[in-house]
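Sequential numbering from 1 along the given sequence is applied to the chain's residues.
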Amino acid sequence: MTLRLRAAGFFAAALLLTTAAGLRDGLDRWVSTAPLPPLAVEVGTEVLARDGTILRAFPVADGRWRLAPGPVDPAYLEDLVAYEDGRFYRHSGVDGFAVLRAGAQMLWNGHVVSGASTLTMQVARLLEDGTTGRLDGKLRQARLALALERHLTKPQILDLYLRLAPFGGNVEGLRAASLAWFGKEPRRLSPAEAALLIALPQSPESRRPDRFPQGGQGGARPGSGSSGRQGGARGRCRPRRQGRADPDPAARLSRACPASDRTALRRRAPRGARIETTIEPSLQRAAEALAARAVSGQAWQVSVALLVADHRTGEILASVGGAAWTDAKRAGFVDLTQALRSPGSTLKPFVYALAFDDGLAHPETLIEDRPVAFGPWRPQNFDRSFRGTLPVRQALSLSLNIPVVSLTEALGPERLLSALRKAGAKVLLPNDAPPGLAVSLGGLGISLQDLVQAYAALARLGHPLRLSAEAGKAGPRDGQLFGPVAAWQVTDILSRIPPPPGAAPNRIAFKTGTSYGHRDALAVGFDGAHVAGVWMGRADGTPVPGAFGGELAAPVLFELFGRIGETRAPLPPPPPATLILPNARLPQPLQRFRPRDAAFETVVEGAPEVTFPPEGAEIETAGQGLTVKLRGGQPPFTWLANGAPLLVGSRTRETVLALTGPGFVSLTVLDAKGRSDHRQIVLKP
């Protein structure tokens, strides 16, 4: 009997072992044959500042904000594991104890008290984007969780959770959530921030702080999570900014900087790349704030573009392509640092530098500013007045048109284009026509970035370089625009131009420009280390009445340099070969510039003559004032109406007098020598 019992016992044990082995083998086959979803998680492209912070992030293809993981606060990870899955590092994907406990609690209470999902099971659900409410779904996730544990390490599984966990709306992953909700990387989190980030994935929509600011205040509480782990997260969640989260968390990620060449960098980079740039984040933020303030008092269509670079290295430190990325009225989505616009008078310094370098002129050379004809073209100064004979230094400082056109005619307009191209600038001529003399007055298209790059070569005493915001791409270019002496002479003149009211003099060398029809207002300048440019106007090229580079863009340029720092890097000293002499001591050929083919008109100085309005004219002013024109005489001029002074010190021969009528008016004009002319007219309102 005893032997039979022993035999039966051995048989039963063998049967149990065989059954257990079969169950084990069956479970092993069930797990090993589980199809694995793709484990590679797509992340968005990031554009990084020089200190590694995000300038701009881009969503993945389906519009979700998901970023590559980075350093995470160790305390957050400790609390996450303690709350969600206390035995995460001990189980093999499914926590049997949690399953038994959850089942017993459900039987005892008649409803679900706690869940049994492990972090690995949650990763399985996120990978297959499945549901958890049905038994078949739970079994499928358990099978995949067991399979994942066989292929991945625990840190790899935790990394997948930190990439995929939902945090409200289209924000996924811990890093995107921390940047969206708190504007910071998750490497250091307060207890309240960690509590919210642990609680959000449990109910991402009902606990979104932007929509339900009270919903996340409880944070993650022991016993309320999927696995019911004890310990919880540290403290209660109080979203930042006095209890209010950012009203648009995705915008915090997307609006880090306006569309500029960083967007172009993203197009060239592979998906999910981390693009390093040379942008200085604090200067970028200051430039963006300055841009917004610069257009705040302007017409709603007026926009602005700013660019700052270090001309010692070529690295772009700040770039603002528009006043506001989301402002459609100002075309904020257009990168206006790259738009081809007329540079106005900002190209004149390059003409003078080339003339100095060729020995055609010297800063103290005398040059003519009087009526002149180049074939059929008779250029005019901006104020339609003439200064006669004056030094080249003064002609550039006053931005006169006739002297620079005379020098361009002597050099050949192609020389100017060649210098700009050596500087790396792309220029566009109207209708692809051959260059004419008007190129020196802004008769071509060039981008603000290329214009600033050309000024960087001037700041470097003629040596060009490539400006770039992409790390490692900036640097010197081959060749030379002109010699260091010519570059210094122009720099010296530009540094003496009077700055805008309230700005300190002699701190930067700068030049302003206004394009034909007041479509573009520009200012570009440099000190011993930095070069910057400002463009203002309408993105669609519509004229902006009254827009001048000196009044609109120059104050912004000086403020921009103020944002770089309070102290200015000094401009370079004159090279040893610089000829610093008064006009009388210059070599004879340099004492006076004589153009080759220009035909200067002979002006017989006489009394001023009113050419408009004619004697006895009846004129309707429509409340806009009276336009008057004259010829001859010597400025400045004084206009009188009925014997009373109306305008004193005018240097132009065409102006508008503040006369609207109605009635008879006796007009008188006096020149600097006391000579006069008179007209009797009738004004109608």
Side-chain angles (χ1 to χ4, degrees), residues 309 311-312 314 343 345-365 367 391-397 399-400 403-427 435 437 439-442 444 446 450-467 475-497 508-511 513 524-528 531 533 571-581 586-587 589-590 593 595-596:
H311 63 66
R312 297 166 298 185
S345 295
T346 58
L347 297 184
K348 290 177 180 176
F350 299 95
V351 175
Y352 284 97
L354 291 169
F356 295 162
D357 201 42
D358 280 9
L360 294 176
H362 178 276
E364 306 304 329
T365 298
I367 196 167
V392 162
R393 175 186 299 278
Q394 189 177 358
L396 174 55
S397 180
S399 196
L400 301 177
V404 77
V405 173
S406 298
L407 290 172
T408 303
E409 190 273 337
L411 290 164
E414 185 58 45
R415 283 289 305 282
L416 174 60
L417 297 189
S418 177
L420 294 175
R421 289 170 179 144
K422 283 182 182 179
K426 298 179 180 64
V427 297
L437 297 178
V439 295
S440 60
L441 305 183
L444 52 77
I446 187 172
D450 282 354
L451 183 61
V452 172
Q453 183 167 278
Y455 269 76
L458 183 60
R460 291 164 53 85
L461 298 180
H463 298 284
L465 83 167
R466 180 175 186 265
L467 299 186
R477 299 176 63 93
D478 294 334
Q480 190 166 359
L481 275 65
F482 28 69
V485 171
W488 181 86
Q489 288 172 326
V490 169
T491 297
D492 181 59
I493 296 171
L494 298 183
S495 68
R496 299 173 188 271
I497 294 177
I508 65 173
F510 79 105
K511 183 71 181 73
V524 190
F526 55 89
D527 63 7
V531 60
L571 293 166
T578 307
L579 190 65
I580 303 177
L581 294 172
L586 290 175
L590 285 179
F593 174 75
R596 296 180 303 182

*Polar side-chain atom of His362 near backbone of Leu579 as donor-acceptor pair, under 3.5 Å*: yes
_Between Arg460 and His311 (side chain of the first, backbone of the second, donor and acceptor by atom type, cut-off under 3.5 Å), is there such a pair?_
yes
*So which heavy atom on Pro464 is nearest to which on Gly462, and how close?*
CD-O, 3.4 Å
*Please name the pair of heavy atoms, one in Leu481 and one in Leu354, separated by the smallest distance, quoted to 0.1 Å.*
O-CD2, 3.9 Å
*asked:* Using every non-hydrogen atom in the two residues, find where Leu444 and Pro343 come nearest and quote the distance to one decimal.
replied: O-CD, 3.3 Å
*Ignoring hydrogens and geometry, is there a side-chain-to-backbone donor-acceptor pair from Tyr455 to Thr346 under 3.5 Å?*
yes
_Salt bridge check, Asp478 against Lys422: does any charged N sit closer than 4.0 Å to a carboxylate O?_
no
*Counting only N and O atoms by type, is there a donor-acceptor contact under 3.5 Å from the side chain of Thr578 to the main-chain atoms of Pro574?*
no
*Stepwise side chain to side chain contact (heavy atoms under 4.5 Å, CB included) check, Thr408 with Leu416*: CA-CA 8 Å; Thr408 303; Leu416 174 60; 5.6 Å; no
_Does any part of the side chain of Pro403, heavy atoms only, come nearer than 4.5 Å to the side chain of Val392, both counted from C-beta?_
no
_Heavy-atom side-chain proximity of Val351 to Leu411 below 4.5 angstrom_ = yes
*Do Leu396 and Ile497 have side-chain heavy atoms sitting under 4.5 Å apart?*
no
_Could you tell me if Ser440 and Lys348 have a donor-acceptor pair between their side chains, going purely by distance under 3.5 Å?_
no
*Check: Phe526 and Ile508 side chains under 4.5 Å, non-hydrogen atoms*: no
*Do Pro391 and Ile367 touch side chain to side chain, with heavy atoms closer than 4.5 Å?*
no
*List the steps, then state whether side chain to side chain contact (heavy atoms under 4.5 Å, CB included) holds for Leu347 with Val439.*
CA-CA 8 Å; Leu347 297 184; Val439 295; 5.8 Å; no
*Atom of Leu571, atom of Gly528 and distance for their closest heavy-atom approach*: CD2-N, 4.0 Å
*asked:* Please find the pair of heavy atoms, one from Ala410 and one from Leu360, that lie closest to each other, and give the distance.
replied: CB-CD1, 4.0 Å
*Could you state the interatomic distance from CG (Asp450) to NZ (Lys426), rounded to the nearest 0.5 Å?*
6.0 Å
*N/O donor-acceptor pair under 3.5 Å between His463 side chain and Ala456 backbone*: no
*Does Ser418 reach the main-chain N or O of Glu414 with its side chain, forming a donor-acceptor pair under 3.5 Å?*
no
*Heavy-atom distance under 4.5 Å between the side chains of Glu364 and Leu586, does that happen here?*
yes
*Side-chain donor/acceptor of Gln453 to backbone N/O of Leu467, under 3.5 Å*: yes
*Specify whether Phe350 and Phe482 have parallel, tilted or perpendicular ring planes, treating 30° as the upper limit for parallel and 60° as the lower limit for perpendicular.*
tilted
*Check whether any side-chain heavy atom of Pro363 lies under 4.5 Å from a side-chain heavy atom of Ile493, and answer yes or no.*
yes
*Are the side chain of Trp488 and the backbone of Pro575 linked by a donor-acceptor contact shorter than 3.5 Å?*
no
_Arg421 side chain near Val427 side chain, heavy-atom distance below 4.5 Å_ = yes
*Grab the two heavy atoms, one from Ala361 and one from Phe356, that are nearest each other, plus how far apart they are.*
O-CD2, 3.3 Å
*Partner of Leu494 by side-chain contact (heavy atoms from CB on, under 4.5 Å), out of Thr491, Asp492, Val490*: Val490
*Starting at CG of Leu461, measure out to CD of Gln480 and round the result to the nearest 0.5 Å.*
9.0 Å
*How many angstroms lie between OG in Ser345 and CG in Leu400, if you round to the nearest 0.5 Å?*
9.5 Å
_Please evaluate residues Val485 and Asp357 with respect to the criterion side chain to side chain contact (heavy atoms under 4.5 Å, CB included), reporting the C-alpha separation (whole Å), side-chain torsions for both, the decisive distance (0.1 Å), and the verdict._
CA-CA 8 Å; Val485 171; Asp357 201 42; over 6 Å; no
